[in-house]
Amino acid sequence: MALLKLPPETLIQIFDHVGSSYFRSDLSRLTVCKQWSEFAHTACFRDLYVTQKILRRLLSSPYVESSLRLVKNSVETLDLNLKGFEDWDSIPLSGHDPQAVNVWNGAHGHAVRATWTTELNNDLLYLAAIIQQSRRLRILRIQATSELHPLLRFLERRDYLFLSTICAFLSVSNLTSLDLDLCGTRLIPHQSQERGEGIHVCTSIAALLTTLRRLRLRMRSICADVLRTPQHCTDLKLNEMLINLSLSNESPVTTSAAHATCCGSSTEGFLQLKADMEKQAQVLVAQMAAPKIVRILTHALPRIEMRAFDVLTGRNVALSEGAEWDDEGEVIEDQVSADESEISDLSSDDDE
């Protein structure tokens, strides 16, 4: 094949340009010949999209060692999409059975999901240990949505990610972009030492600010420490920072909305958390070399409208329904105090 006679560095550029999606859409494209396969596998694993089911199949595969070696040596972007427990057929019940909710909310249902939760976090920790050895990984995205039964809408909301699991992923060096949307689960203290003050996910994230260029966060618990860097840190490369405190669209079956709560505090209200986040964001902006967009997002009643405080301009922006966090939006000329009252009232609807 004439193509394969080109210099290796040229072939790498060609396969990278073709992109991983081309090979993932048809895996037979990986096996044209041995030399082709080497370049194709590297390109295929450059951008890795992983669900909890894909991860389980990967770790159960007889080819797990070679696959994980490719992950370690090739992945530049890791995209994790988690949805909580999905094996609802493991207990044979009809979704229309009036006892089904009681069964899943009962001891047996809790035990089944607890076992699955431990297995999921063990799988994720295994993956984290692999990518910690990667020198190429630059972009990490983790999305964890609420655990939903397809028919039973009244199951108790349940958390399924361990704090230690997320902290393991945050131990990866050389990240330039971090996107954590964990609105579907709080981070569960799994080991006794996690229940103390030694492990705090916000400070783990803040430790990455010296290398990150892009940060997007939404978590059920957060505090201003997530934006706190040593005072001597200046000229940070970080130029995009979006923190969403709204949990308004975290579940398609949720009819009310809530905001994030402050880490480790049962007394600090949402307005104080919002003020602390905005104040620390202003401090962070002064340490950034070339900030492009810095926002703290919330929502307001009565229509659960998305709002964004633009830290660079000091102005508030209204975002349309379904808008991206960084959409331009419409500037609110006069932010009336009633809006903050609405936000305060709405935060009391949190389901935690």
Side-chain angles (χ1 to χ4, degrees), residues 79-82 139-146 161 166 170 177-187 201-202 205-206 208-209 212 214-228 238-252 254 256-263 268-282 284-285 291-301 303-313 315-330 332 335 339-340 342-344 346-347 349-352:
D79 200 335
L80 275 174
N81 193 313
L82 308 173
I139 300 173
L140 175 62
R141 304 188 192 100
I142 303 179
Q143 182 179 32
T145 55
S146 289
L161 275 183
I166 294 300
L170 296 177
S177 178
L178 176 64
D179 189 335
L180 294 183
D181 189 349
L182 309 181
C183 66
T185 175
R186 289 187 182 275
L187 301 180
V201 69
C202 289
I205 295 171
L208 299 173
L209 293 176
L212 290 177
R214 181 177 182 271
L215 175 65
R216 295 190 177 207
L217 292 178
R218 179 163 61 162
M219 303 188 295
R220 301 191 75 87
S221 295
I222 196 170
C223 69
D225 285 348
V226 77
L227 303 178
R228 206 179 306 277
L238 185 69
N239 56 45
E240 177 183 322
M241 192 277 290
L242 301 170
I243 309 290
N244 193 344
L245 301 180
S246 172
L247 308 176
S248 61
N249 62 345
E250 66 97 9
S251 166
T254 300
S256 61
H259 280 104
T261 56
C262 184
C263 297
E268 183 171 309
F270 172 72
L271 289 182
Q272 184 60 53
L273 171 63
K274 177 175 178 286
D276 291 345
M277 295 294 294
E278 292 178 356
K279 181 179 179 181
Q280 188 57 42
Q282 291 169 333
L284 182 62
V285 164
K292 293 180 180 178
I293 181 169
V294 180
R295 283 181 172 180
I296 307 295
L297 290 90
T298 58
H299 63 251
L301 287 171
R303 294 184 295 275
I304 313 181
E305 296 173 328
M306 290 302 300
R307 303 287 176 87
F309 174 67
D310 189 320
V311 180
L312 299 181
T313 65
R315 308 183 83 172
N316 289 281
V317 177
L319 302 178
S320 60
E321 184 177 357
E324 298 294 333
W325 298 2
D326 57 355
D327 277 3
E328 185 175 347
E330 181 179 348
I332 303 173
Q335 181 75 4
D339 284 345
E340 291 196 340
E342 289 169 352
I343 291 175
S344 180
L346 192 54
S347 67
D349 290 335
D350 197 338
D351 58 356
E352 301 302 327

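The figures that follow rest on heavy atoms only: side chains count, while hydrogens, waters and symmetry mates do not. If you read the sequence from its start, that first residue is 1, and numbering goes on from there.
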Which of Ile296, Leu227, Val311, Val294 passes side-chain contact (heavy atoms from CB on, under 4.5 Å) with Glu278? Answer is Ile296
Take atom CD of Gln282 as the centre, draw a 6.0 Å sphere, and report whether it contains more than 12 heavy atoms from other residues, nucleotides or ligands.
-> yes
Got a second to check how far Asn244's CG is from Ile222's CD1, nearest 0.5 Å?
-> 9.5 Å
Closest heavy-atom pair and its distance - Val226, Leu217 | CG2-CD1, 3.5 Å
Please step through side-chain contact (heavy atoms from CB on, under 4.5 Å) for the pair Met219 and Ile205, ending with a clear verdict.
-> CA-CA 12 Å; Met219 303 188 295; Ile205 295 171; 4.0 Å; yes
Which pair of non-hydrogen atoms, one from Cys263 and one from Cys202, has the smallest distance, and what is that distance?
-> SG-SG, 3.6 Å
Nearest-0.5 Å distance, OG1 of residue Thr298 to NZ of residue Lys274 | 5.5 Å
Tested for side-chain contact (heavy atoms from CB on, under 4.5 Å) against Leu180, the lone hit among Leu170, Val201, Leu80 is Leu170
In Å, rounded to the nearest 0.5 Å, how long is the span from CD1 of Ile139 to CG of Asp79?
-> 9.5 Å
Carboxylate-amine/guanidinium contact Lys292 Glu240, below 4.0 Å | no
Under the side chain to side chain contact (heavy atoms under 4.5 Å, CB included) test, residues paired with Asp327 that sit two or more places apart | Leu319, Ala323, Glu324
Electrostatic pair Asp225-Arg228, nearest N-O below 4.0 angstrom | yes
Is there a side-chain contact between Ile142 and Leu182, using heavy atoms and a 4.5 Å cut-off?
-> yes
Interatomic spacing from CG in Asn81 to CZ in Arg141 - rounded to 0.5 Å = 11.5 Å
Would you name the heavy atoms of Leu161 and Ala144 that are closest together and state the gap between them?
-> CD1-CB, 3.9 Å
Please report the shortest heavy-atom distance between Met241 and Ala281, naming the atom on each side.
-> CE-CB, 4.0 Å
In short, His259 meets Ser246 closest at the heavy-atom pair CD2-CA, 3.8 Å
CG of Leu245 to SG of Cys183: how many Å apart, nearest 0.5 Å?
-> 12.5 Å
Out of curiosity, Leu82 CG to Thr185 OG1, how far, rounded to the nearest 0.5 Å?
-> 9.5 Å
Would you check if Arg216 and Asp326 make a side-chain contact, meaning some heavy-atom pair closer than 4.5 Å?
-> yes
Which atom names give the shortest non-hydrogen contact between Leu273 and Cys223, and what distance separates them?
-> CD1-CA, 4.1 Å
Side-chain contact, heavy-atom cut-off 4.5 Å: Arg218 with Trp325?
-> yes
N/O donor-acceptor pair under 3.5 Å between Arg295 side chain and Asp310 backbone = no
